[in-house]
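Here is the structure we will look at.
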Amino acid sequence: MARPLIAEIDLDALRHNYRLACECSPLSRSVAVIKADAYGHGAVACARALEDIAPAFAVACIEEAVALREAGITAPIVLLEGIFSVDELPQVDALGLWMAVHSDWQVDALLGQRLSRPVPVWLKVDSGMHRLGFSPERAETVWQRLAAAPEQACDLHLMSHFATADLVDGSYFKRQLAQLESLSERLGAPLCLANSPATLAHPEAHGAWNRPGVMLYGSDPLEMPNALTSQLLPVMTLRSAIIAVRELPAGEPVGYGGRWVTPRPSRIGVVAAGYGDGYDRHAVDGTPVLVAGQRTVIAGKVSMDMLTVDITDIPEADIGSEVVLWGRSANGEVLSVDEVARHCDTISYTLLTGVLPRVPRRYHGAS
Ligand SMILES: *Cc1c(COP(=O)(O)O)cnc(C)c1O
């Protein structure tokens with residue numbers, strides 16, 4: 001028997017979530033964001049599962065695009081940060097990629113390159129995130145420059161990223177959107193703005209294209225409750241099993257540093273999963289897990305290859321019992337990765353992208 005830890009990926013759930021992104025924005029097209037190996041789910045498998053319903057994919061860098069092309073993915077692929085060096089441009093051309101441009105040197109490189117066909121370009125505007133992009137004033141000039149070079153750049157869109165679309169307080173979001181709307185009006189430019197939170201909660205920000213990412217994997221990106229997010233399905237189930245059981249009297253410390261001490265005579269389940277698999281070491285005592293389909297909690301610090309859970313109140317739990325770290329258990333019980341993330345003082349994104357190669361991925365659905 002192999003070590004029981006696996007990451008099970010439900011490709012039907014991925015398709016369901018992608019369709020939900022499309023349904024809440026019927027006038028937009030949705031580029032499926034599958035950067036960072038599809039947030040840890042496997043970019044090639046996810047692209048294949050979405051190929052017949054998603055008109056385009058988005059990645060962070062050319063290496064990610066190359067891997068998709070080599071796997072036979074023929075759909076348009078957008079480089080969300082464009083190129084990182086001029087020598088990537090021949091590959092952009094050869095692979096038929098689309099690119100964001102956020103800096104003058106990228107525009108200079110594009111306009112100076114001999115190309116077999118013009119590159120579809122998303123001009124990145126800094127409307128308030130203050131990370132990448134041209135200021136709205138500069139963007140106007142750059143847009144005109146690109147528009148005057150139809151042999152080099154085509155299908156121009158304005159792209160921008162929201163800093164606070166997930167928050168209840170919408171004031172900064174509104175300020176960003178207002179800037180973009182006025183710029184888009186002046187240029188007659190189609191927009192590509194919405195990430196997952198804006199796709200779900202801000203229809204006023206839906207453009208010609210949206211860019212949903214984390215919602216495709218079933219994570220709720222919003223601070224506020226929303227009827228749509230309750231329809232998202234978890235895509236990854238991080239599943240393991242109990243490999244040993246300890247019966248301890250009250251007052252016994254468990255694990256490194258003895259952080260957790262048995263408050264009563266306790267049964268402790270030892271689970272094959274640790275930070276060496278990507279399970280967050282910041283998980284506090286009380287972080288939820290499902291054992292045999294029932295909720296219980298982590299008791300003691302996470303080790304590299306193991307963690308310990310309190311199974312005192314689950315008498316049927318024993319060696320071999322199923323443990324779900326997040327996702328869906330065999331009996332249908334769901335533990336959301338968002339809830340686990342809150343106990344680790346982080347967000348679902350880091351937990352999902354953090355599942356390490358040691359954990360085998362097993363795919364089902366969408367065949
Ligand atoms: C990652 C990313 C997205 C997707 O964001 P989510 O919050 O995962 O929906 C959208 N746009 C850009 C530019 C990104 O880098």
Side-chain angles (χ1 to χ4, degrees), residues 14 17-22 24-25 28-41 43 46-47 50 54-65 76-84 97-103 106 120-134 139 157-167 173 176-177 180 191-203 205-224 226 228-229 232 234-236 336-338 341 346-354:
L14 177 73
N17 296 337
Y18 178 79
R19 285 206 177 94
L20 191 69
C22 298
C24 62
S25 183
S28 308
R29 284 186 290 172
S30 289
V31 51
V33 180
I34 56 170
K35 62 185 177 183
D37 204 23
Y39 294 50
H41 294 67
C46 290
L50 293 173
F57 297 105
V59 296
C61 58
I62 201 155
E63 291 79 3
E64 293 181 332
I77 301 172
V78 193
L79 301 175
L80 288 170
E81 292 156 47
I83 50 172
F84 292 81
L97 306 179
W98 302 3
M99 60 185 261
V101 297
H102 59 75
S103 291
Q106 290 177 327
V121 169
W122 291 3
L123 176 61
K124 181 116 188 208
V125 183
D126 176 13
S127 59
M129 177 83 170
H130 300 325
R131 199 175 55 181
L132 288 183
F134 298 95
H157 285 67
L158 284 178
M159 168 189 178
S160 195
H161 200 57
F162 294 116
T164 63
D166 55 323
L167 303 185
F173 170 84
Q176 283 197 261
L177 185 60
L180 292 159
L191 289 169
C192 173
L193 308 179
N195 52 1
S196 294
T199 298
L200 286 161
H202 294 289
H206 294 168
W209 286 94
N210 295 336
R211 304 187 307 272
V214 81
M215 69 171 286
L216 306 181
Y217 310 100
S219 163
D220 178 353
L222 297 172
E223 193 179 74
M224 51 282 193
N226 178 295
L228 288 164
T229 56
L232 293 170
V235 176
M236 183 192 291
S336 89
V337 66
D338 302 298
T346 188
I347 52 178
S348 63
Y349 300 68
T350 71
L351 297 187
L352 294 173
T353 57

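We count ligands from 1, going down the list as the structure has it; atoms in each ligand are counted the same way.
In this structure, the protein non-hydrogen atom closest to atom 9 (O) of ligand 1 is S196 OG, 2.5 Å. Of all protein heavy atoms, the one closest to atom 2 (C) of ligand 1 is K35 NZ, 2.6 Å. What sits closest to atom 11 (N) of ligand 1 on the protein, heavy atoms only, is R211 NE, 2.8 Å.
Distances below 4.0 Å separate heavy atoms of Y39 from the following atoms of ligand 1: 1 (C), 4 (C), 5 (O), 6 (P), 8 (O). Using a 4.0 Å cut-off to heavy atoms of M159, the atoms of ligand 1 that qualify are 13 (C). Counting the atoms of ligand 1 from 1 in the order shown, those under 4.0 Å from a heavy atom of Y349 are 6 (P), 7 (O), 8 (O).
Side-chain N/O atoms of H102 and R131 include no donor and acceptor closer than 3.5 Å.
Checking Q176, K124, R211 one by one against H161, the side chain to side chain donor-acceptor pair (under 3.5 Å) holds for a single residue, R211.
Residue-to-ligand polar distances keep P212 apart from ligand 1: every N/O pair is separated by 3.5 Å or more. At least one N or O atom of V214 sits closer than 3.5 Å to an N or O atom of ligand 1.
For the pair M215 and ligand 1, no heavy-atom separation below 4.0 Å is found.
Taking A165 as the reference, F162, F173, N195, P197, A198, H202 meet the side-chain contact (heavy atoms from CB on, under 4.5 Å) condition, with sequence neighbours excluded. Considering only residues two or more places apart in sequence or on other chains, S30 meets the side chain to side chain donor-acceptor pair (under 3.5 Å) condition with none of them.
Under 4.0 Å from ligand 1, the heavy atoms of H161 that appear belong solely to its side chain. Proximity of E81 to ligand 1, defined as any heavy-atom pair under 4.0 Å, is not found for any part of the residue.
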